[in-house]
Amino acid sequence: MSLEKTLKGHIMSAIDALYGQKPDEKLINFQKTRKEIAGDLTLVTFPLLKISKKNPQQTAEEIGAYLQEKIEDISGFNVIKGFLNLEISDSYWLSFMKENALKHNFAYKAKKIHSHPVLIEYSSPNTNKPLHLGHIRNNLLGYSVARILEAAGHNVIKTNLINDRGIHICKSMLAWLRWGKGETPESSGMKGDHLIGKYYVLFDKKYKEEIAALIAEGKTEDEAKNEAPLIVEAREMLRKWEAKDPKVIALWEKLNSWTYEGFDITYKRLGVSFDMVQYESQTYLGGKSLVEKGLEKGVLFRKEDGSVWADLTDEGLDEKLLLRSDGTSVYMTQDLGTATERFEKMQPEKMIYVVGNEQNYHFDVLKRVLKKLGMDWADIIYHLSYGMVELPHGKMKSREGTVVDADDLMDEMYATARKTGEELGKMENHESEEAQKLYEMVSMAALKYFILKVDPKKKMMFIPEESIDFNGNTGPFIQYTYARIQSLKRKSGIDLMQAEIKNPGQLLAKEKEILKQVYELPEILESAASGFSPALLANYSYELAKGFNQFYQEVPINKEEDENKRAFRLLLAHFAGNSLRSAMNLLGIEMPEKM
RNA sequence: GGUCGCGUAGCUCAGGGGAUAGAGCAACGGCCUUCUAAGCCGUCGGUCGAAGGUUCGAAUCCUUCCGCGAUCGCCA
């Protein structure tokens, strides 16, 4: 039970006692007391004036006096311009610390055993090219949100729906057949996904040449794009694939397996994982029957050419195609099918799709069409939409051309971490396994933290050098703070598990500040879970790390002569460190014991 | 053009009805014989895109306008 909730009840009865009226609970709102003002929690009295019929100052004084008298944990109060600043007793903070400081993840909630699962789909790559910067944001977000929901007690299922079929993969296959000379990941030394990507790019290059040639012969651009021999051949390949031509299928399986090997390496390095993987080749036919039922019910309609549509014009949208004139399904149809199947199989309480904001319209339509088809549950679908990741102009060219490759980016982050480490002389042997592990941990923290601290829905600028700075609001800074806390504990010679910590006397302002910050973590976690927002936890972690650094600068720990005080502060440091680790782990960031 | 989103310090971002709008970076100036200086402190920097409205109170909510982006495919 949080203090705020308890206080709310007391304030209700205070007002009832003082003014003879129970206020609406919404009128009671708290905020954190500003740092420069005495007090821990502030009640805003303005909304209560209608009931008290007194001025803000008086109202606040009266409520404050009442609370101080009735509640043990309120040790004092002051009033400034209608804001009632309540001071919470040291003993409250101390018992909070004693109860929680040694718990491993004090803010995490136990899993609700019989709850419906939360399904979260993320990553969802195409198999024709490697992962790029946009996928990094997608994967980090998806994984982090999954962890946050888990920590908040949900039963989470992470899924990856791989787009392993379609014209795009046929392009890579065709180019590999024609120009690949049997090249494999082993023979080329390339990561499988990069190898396939290379042929995709090659296809595109040759295709463009053909288009240019056709246009030179007098064709229009549309004609050229349609008639170029390569695209004709790719379409033929797709047709054969759909007809399950054994040779095409075998080739497709071989090339896709290379891609998966490559993806696995990237996922592992990013630290993300899935509970299930689905393949579009197995789901793409779904959804058709739904559309046919919709036609029977008359909620969908067929045009003269045979194509099937949903009419959303009365909802302010346009008409949306669901089946092509040749009867084949489109993306939307597949998604209708997949969503319905998932719902029926797993009965999730929520289905989260981590997909870029260029598909906002798609998901809007998806939900509307589902509802049209009578799926009243459609509102459990939540599109976790995120903005594009941009890079400072001119930086970081990718191996394959236009987009920034995920693996290249991670390599570059590692190199920067190592270079910084070398310059600072932090490690004696930069080749040692320990050093390499640390550089990897630091560079991944830099990348993850920088991306996750930004509100997902906003587009963002990823600045590699800034992300890996050891000062400021960065992952490495927080790791550094954590490592120092661990070092303090190691050097103290005190076993916190065994130590008996007596009352340290009056709390210093800095000590109380840390406790207040740690106290907030469960609440932050809850908001992060309900808003699907890792950013809250990221920015919280930074505040806490910064708070600790200030504390550390001013308050002696291992230098303190009083043994009991030293143990107390060490426990406080431990508590802060644990909270940091808990919060950062939810972002998928590991914390080093030493650095 | 329709729809959706965004616009806060030179740059990157917090804050999303409440007190004097916050951080970091950059710039400048302090603090290492002292627990990790990959740190800490200070200075400088703002008509919160603009105008109206609602409110005791608006960066925050509403309306209009401006700017930027996404989207409006028988692609996924």
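Residue numbers begin at 1 in each chain, while the letters A, B, ... track the order of the sequences.
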K.L.:
Determine the contact category for A:D326: base if any of its heavy atoms lies under 4.0 Å from a base atom, sugar-phosphate if only primed atoms, P, OP1 or OP2 are that close, otherwise nothing.
P.N.:
nothing
K.L.:
Has A:Y542 got its ring stacked on B:A23, by the test of a centre gap below 5.5 Å and a plane angle below 30°?
P.N.:
no
K.L.:
How far, in whole Å, is B:U64 from B:A70 if one measures between their P atoms?
P.N.:
23 Å
K.L.:
When all nucleic acid strands are considered with a 4.0 Å heavy-atom cut-off, which category describes A:V308: base, sugar-phosphate, or nothing?
P.N.:
nothing
K.L.:
Just to be sure I follow the notation: if a pair is Watson-Crick (purine N1 to pyrimidine N3 plus N6-O4 or O6-N4) or a G-U wobble (N1-O2 and O6-N3), each under 3.5 Å, what dot-bracket string does RNA chain B give, with | for pairs to another strand?
P.N.:
(((((((..((((....[...)))).(((((.......))))).....(((((..]....))))))))))))....
K.L.:
Looking at the side chain of A:R484, which of B:A37, B:C13, B:U20 is the nearest nucleotide?
P.N.:
B:A37
K.L.:
Please state how far atom CG in A:L48 lies from atom P in B:G17, giving the value in whole angstrom units.
P.N.:
19 Å
K.L.:
Pick the P atom in B:G52 and in B:U12, then give their distance to the nearest Å.
P.N.:
29 Å
K.L.:
Using only modelled atom types and a 3.5 angstrom limit, is any donor from either the side chain of A:T42 or the base of B:A19 paired with an acceptor on the other?
P.N.:
yes
K.L.:
Does A:D40 come within less than 4.0 Å of A:K32, counting only side-chain N to carboxylate O?
P.N.:
no
K.L.:
Does A:W309 have A:K320 sitting over its ring (NZ/CZ under 6.0 Å from centre, angle to axis within 45°)?
P.N.:
no
K.L.:
Would you classify A:L317 as touching base, sugar-phosphate or nothing, given that sugar-phosphate means primed atoms plus P, OP1 and OP2, and contacts are heavy atoms under 4.0 Å?
P.N.:
nothing
K.L.:
Heavy atoms from C-beta onward define the side chain here; which of B:G22, B:C35, B:C72 lies closest to that of A:R34?
P.N.:
B:G22
K.L.:
Centroid distance below 5.5 Å plus an interplanar angle below 30 degrees: do A:F46 and B:G18 meet both conditions?
P.N.:
yes
K.L.:
Rounding to an integer number of Å, can you tell me how far A:I167 CD1 sits from B:C74 P?
P.N.:
16 Å
K.L.:
Evaluate whether atom CD of A:E61 has more than 12 neighbouring non-hydrogen atoms of other residues, nucleotides or ligands under 6.0 angstrom away.
P.N.:
yes
K.L.:
Check every strand shown and say whether A:P56 touches a base, only sugar-phosphate, or nothing at a heavy-atom separation below 4.0 Å.
P.N.:
nothing
K.L.:
Can you tell which of B:A76, B:U36, B:A23 lies closest to the side chain of A:V330?
P.N.:
B:A76
K.L.:
Check whether NZ of the Lys or CZ of the Arg A:R165 lies under 6.0 Å from the centre of the six-membered ring of A:Y279 and within 45 degrees of that ring's axis.
P.N.:
no
K.L.:
Say you pick atom P in B:G10 and the same atom in B:G46; how far apart are they, in whole Å?
P.N.:
7 Å
K.L.:
Heavy atoms only, 4.0 Å cut-off, all strands: where does A:M595 land among base, sugar-phosphate and nothing?
P.N.:
base
K.L.:
Counting just side-chain N and O atoms, does A:K594 come under 4.0 Å of either OP1 or OP2 of B:U36?
P.N.:
no
K.L.:
If you check the A:S307 side chain, which of B:G24, B:C74, B:A37 turns out closest?
P.N.:
B:C74
K.L.:
Is any side-chain N of the basic residue among A:R566 and A:D562 closer than 4.0 Å to the acidic one's carboxylate O?
P.N.:
no
K.L.:
Is the closest basic N to carboxylate O distance between A:E319 and A:K303 below 4.0 Å?
P.N.:
yes
K.L.:
Salt-bridged, A:K8 to A:E4, with N to O below 4.0 Å?
P.N.:
no
K.L.:
Can you tell which of B:C74, B:U71, B:C40 lies closest to the side chain of A:F477?
P.N.:
B:C40
K.L.:
If you look at every strand shown and take non-hydrogen atoms under 4.0 Å, does A:A483 touch a base, only sugar-phosphate, or nothing?
P.N.:
base
K.L.:
Using a 4.0 Å heavy-atom cut-off, does A:I463 contact any base of the nucleic acid, only the sugar-phosphate backbone, or nothing at all?
P.N.:
sugar-phosphate
K.L.:
Name the nucleic acid region contacted by A:V454, choosing base, sugar-phosphate or nothing; use a 4.0 angstrom heavy-atom cut-off, strictly under.
P.N.:
sugar-phosphate
K.L.:
Using a 4.0 Å heavy-atom cut-off across all strands, classify A:N55 as base, sugar-phosphate, or nothing.
P.N.:
nothing
K.L.:
Measure CE/A:M460 against P/B:G7 and give the value in whole Å, please.
P.N.:
15 Å
K.L.:
Would B:C65 be called syn or anti, given that syn covers angles within 90° of 0?
P.N.:
anti
K.L.:
Mind checking if A:E560 touches a base, just sugar-phosphate, or nothing, with heavy atoms under 4.0 Å?
P.N.:
nothing
K.L.:
Could you tell me whether A:Y480 contacts a base, only the sugar-phosphate backbone, or nothing, with contacts defined as non-hydrogen atoms closer than 4.0 Å?
P.N.:
base
K.L.:
Side chain of A:E466, heavy atoms from C-beta onward: which of B:A23, B:A19, B:C25 has the nearest atom to it?
P.N.:
B:C25
K.L.:
For the side chain of A:N539, counting heavy atoms from C-beta on, which of B:U71, B:A19, B:A14 is nearest?
P.N.:
B:A14
K.L.:
Taking OP1 and OP2 of B:C74, is either one under 4.0 Å from a side-chain nitrogen or oxygen of A:K303?
P.N.:
no
K.L.:
Under 4.0 Å from OP1 or OP2 of B:U12: is there any side-chain N or O of A:K458 that close?
P.N.:
no
K.L.:
Out of B:A38, B:C13, B:C4, which nucleotide sits closest to the side chain of A:M461?
P.N.:
B:C13
K.L.:
Quick check for you: among B:C35, B:A76, B:G18, whose closest atom lies nearest to any side-chain atom of A:F83?
P.N.:
B:G18
K.L.:
What integer distance in Å separates A:I451:CD1 from B:C13:P?
P.N.:
11 Å
K.L.:
Suppose you measure atom P in B:U71 against the same atom in B:A19; what distance do you get, rounded to whole Å?
P.N.:
39 Å
K.L.:
Is A:Q479 near enough to B:A38 that one of its side-chain N or O atoms lies under 4.0 angstrom from OP1 or OP2?
P.N.:
no
K.L.:
Can you check the A:D318 CG to B:U71 C1' distance for me, whole Å?
P.N.:
10 Å
K.L.:
Assess the side chains of A:Q479 and A:R484: does a donor N or O sit below 3.5 Å from an acceptor N or O?
P.N.:
no
K.L.:
Is a salt bridge present between A:E440 and A:K437, judged by a nitrogen-to-oxygen distance below 4.0 Å?
P.N.:
no
K.L.:
Check the angle between the aromatic planes of A:W241 and A:Y284 and answer parallel, tilted or perpendicular using the 30° and 60° thresholds.
P.N.:
tilted
K.L.:
Taking the side chain of A:Y552 as its heavy atoms from C-beta onward, which of B:A37, B:C40, B:G22 lies nearest to it?
P.N.:
B:A37
K.L.:
It should be established whether A:R324 places a side-chain nitrogen or oxygen under 4.0 Å from OP1 or OP2 of nucleotide B:C75.
P.N.:
yes
K.L.:
With heavy atoms under 4.0 Å as the rule, sort A:K559 into base, sugar-phosphate or nothing.
P.N.:
base
K.L.:
What's the NZ-C1' distance between A:K320 and B:U3, to the nearest Å?
P.N.:
13 Å
K.L.:
Would you find a donor on one side and an acceptor on the other, under 3.5 Å apart, between the side chain of A:S492 and the backbone of A:A567?
P.N.:
no
K.L.:
Just how far, in rounded Å, is P of B:G5 from CD of A:Q359?
P.N.:
17 Å
K.L.:
A:H168 NE2 to B:G73 P: how many Å, rounded?
P.N.:
20 Å
